[in-house]
Amino acid sequence: MQTTTLHTHCIPRLVALAAAALLAGCALGPDYAGPPDAAPHAAQNGHFVRGDASSTAAMPSNRWWEGLNDPILNSLVQRALEANPNLGAARARLQQSRAALNLEQANALPSVGASALAAHARLPPLNLGGLSSSSGSSTSANLYSLGFDATWEVDLFGAHKRSIQAAGASAEAAQATLADVQVSLAAEVANAYINLRDRQQRLALGDESIRAQEQMLGLTSQRVERGTASSLDLIRMQNQLDGTRADLVPLQADKEAYLNQLATLAGQEPGALDAELALAAPVPLPPAEVAVGDPTSLLRRRPDIRAAERTLAADTAKIGQAEAAKYPSLKLLGIIGLGGTHPSDLTRLDDFAAIGAPMLSWNFLDFGRARSRVTQAERVRDEAEMKYRQTVLDALRDAEDSLSRFRYGRVTVATVARTKVSADRALELARQRYAAGTGTLIDVLDTTRQQITAQQNLLQAEAALTRSFVGIQKALGLGWSDEG
């Protein structure tokens, strides 16, 4: 900063400009007027494009996981929201931003300091112009002082006001980011839990299939010994059994991975939830109707949209900070001090030194630096606006995609369920014909394979449907709560 003495003819204009700014209570730079309308058609339509009869316009519940009616899942989500380290880091970032706001508010107030000095000095003999002091010996002196000083930068052009606005908006953005972490965390816990139950069910189905195939392998071996079945039948049965056992290996690895994921999401070490979740349970299924609200409520509720909007507000305020740097700054300085060569001099209140002075500084010859900072701040603000628009569009796309997946997921479950019923009937008929001697073992093996595949497909379709339900809740921005 270059401090300069202003010419007399410049002072009246600067004083008038500063007085006008102070009286008007305004600040340089654009005032934030709210976010742009990034999705006008969505607000006008009043409903989601990809919704159907199963998605109602009723307001959804923020604790959406309770709609799956699974107490274990409810407990896992709650524990994750309390102990997840990533959520703790987001809380810490929120506290940092609030501390930054407090700092900016304090910077707008006067700064007052105090100092005290007690010094003893020993001076050598003085030699002035070749003449020594008469005594020819050193001298000693004591010095005591006590003082207070204060400084205050007058907010002539709103730099402090804009900095407080920017810090406040940044703190609100951090609050929204914390909520966004909560939304993602609840969805991640639910998806991991759904995947775990899916793997457990498929493993249980695989174990049942292995037991049935082992029984058929034993019976076939007896028939080979009696000469009523061929060795080829035995080999085929053994191959199918080995293939079924091999299919269970990756499912077991997946199950342990999801157990580890759930434990770490809840802030615990891998393996901590193994005993609690060891017993297999069905995949929780979504309700018949899903409340989704409307696009307008979505845009107000989603935390990532609110974070992007608050970032836009903060970057708008920073333009005013950069604008204010182009103009003079005024500091008021004040000093009060007591002192002397004896400690008793500090009690002589009628004999003190006082200084009060304004200091006007202006770096008016900066070769375009200030203007470049303003341009940079404006372009940062433009970038924030484009990011806000993209966030809105992405949010709407997420919601529409999730609704579409959920709608077609219901169709898939219904279709696969019919296929599974048909496979059950075919297997029963094949076994009856084989027992009566009118069917072949190959027919039984083939229909068994088809029935197992149908059951696995149904389990996968149900898990995918519930995951798409979770996707809807995440896309709607549900699962967060206000935290102080």
Side-chain angles (χ1 to χ4, degrees), residues 60-94 176-203 251-287 290-292 301-304 307 395 398-399 401-402 405-406 409 459-460 462-483:
S61 171
N62 210 34
R63 297 178 62 85
W64 55 265
W65 50 87
E66 295 178 352
L68 294 174
N69 297 316
D70 192 315
I72 297 178
L73 174 60
N74 297 342
S75 175
L76 291 172
V77 172
Q78 188 60 40
R79 279 181 274 178
L81 292 175
E82 292 173 356
N84 181 264
N86 287 333
L87 197 57
R91 292 189 181 102
R93 286 192 294 270
L94 174 59
T177 300
L178 170 60
D180 194 41
V181 175
Q182 291 175 318
V183 170
S184 298
L185 178 61
E188 192 174 0
V189 171
N191 281 326
Y193 181 78
I194 293 166
N195 290 332
L196 171 65
R197 294 313 191 191
D198 171 57
R199 300 309 189 272
Q200 288 178 330
Q201 289 291 303
R202 289 161 64 185
L203 283 168
L251 294 179
Q252 184 67 37
D254 287 347
K255 185 192 78 170
E256 294 182 359
Y258 290 124
L259 284 169
N260 294 338
Q261 183 182 7
L262 286 169
T264 54
L265 288 174
Q268 298 178 270
E269 297 178 10
L273 301 179
D274 286 8
E276 180 180 349
L277 301 175
L279 186 62
V283 173
L285 296 177
V290 181
V292 298
R301 181 176 54 243
R302 267 190 61 137
D304 58 338
D398 286 347
D401 289 351
S402 298
R405 281 192 290 267
F406 187 73
L459 285 172
Q460 291 176 339
E462 290 175 342
L465 179 64
T466 307
R467 284 195 299 268
S468 65
F469 169 79
V470 175
I472 291 176
Q473 312 310 310
K474 183 180 179 182
L476 295 177
L478 299 169
W480 58 272
S481 62
D482 288 320
E483 293 193 16

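Residues Ser481 and Gln182 meet the side-chain proximity criterion, which asks for heavy atoms closer than 4.5 Å. Side-chain contact between Ile472 and Val292 is present, with heavy atoms from C-beta onward closer than 4.5 Å. At least one side-chain heavy atom of Leu277 sits less than 4.5 Å from a side-chain heavy atom of Arg197. Between Leu465 and Pro286 there is a side-chain heavy-atom pair separated by less than 4.5 Å.
Using modelled atom types, one finds a donor on one side chain and an acceptor on the other under 3.5 Å when comparing Arg467 with Asn195.
Across all non-hydrogen atoms, the minimal contact from Pro85 to Gly267 is CD-CA, 4.1 Å. Taking each heavy atom of Ala90 and Val181 in turn, the nearest pair found is CB-CG2, 4.1 Å. Scanning both residues, Ala463 and Val283, for their nearest heavy atoms gives CA-CG1, 4.0 Å. Of all the heavy atoms in Ala190 and Leu73, the pair that sits closest is CA-CD1, 3.8 Å. The minimum heavy-atom distance linking Leu196 with Lys255 is given by the pair CD1-CG, 3.5 Å. Annotation for Gln261 and Ala192: closest pair OE1-CB, 3.6 Å, computed over non-hydrogen atoms.
Distance CG/Asp304 to OG1/Thr177: 9.0 Å, rounded to 0.5 Å. A distance of 6.5 Å separates CZ of Arg199 from CG of Leu251, quoted to the nearest 0.5 Å. Atoms OH and CG, from Tyr193 and Leu68 in turn, are 9.5 Å apart once rounded to the nearest 0.5 Å. The distance from atom CZ of Arg302 to atom CG of Leu478, rounded to the nearest 0.5 Å, is 10.0 Å. Note that OG of Ser468 is 10.0 Å distant from CD of Gln473, once rounded to the nearest 0.5 Å. Taken from OH in Tyr258 to CG in Asn191, the straight-line distance is 9.0 Å, to the nearest 0.5 Å.
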Could you walk me through whether Asn62 and Arg301 pass the side chain to side chain donor-acceptor pair (under 3.5 Å) check? CA-CA 10 Å; Asn62 210 34; Arg301 181 176 54 243; 5.9 Å; no
Step by step, work out the side-chain contact (heavy atoms from CB on, under 4.5 Å) result for Lys474 and Glu188. CA-CA 9 Å; Lys474 183 180 179 182; Glu188 192 174 0; over 6 Å; no
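Take Arg93 and apply the salt bridge (Lys or Arg N to Asp or Glu O under 4.0 Å) test, not counting sequence neighbours, and it matches no residue.
Taking the six-membered ring for Trp and thresholds of 30 and 60 degrees, Phe469 and Trp64 have ring planes more than 60 degrees apart, a perpendicular arrangement.
Paired with Val77 under the rule side-chain contact (heavy atoms from CB on, under 4.5 Å), one option of Ile72, Val189, Asp70 passes, and it is Val189.
Ion pair Glu82/Arg79 not flagged as a salt bridge, since none of the NZ, NE, NH1 or NH2 atoms sits closer than 4.0 Å to an Asp/Glu carboxylate oxygen.
In this structure, Asp180 contributes its side chain and Pro303 its backbone to no donor-acceptor pair below 3.5 Å.
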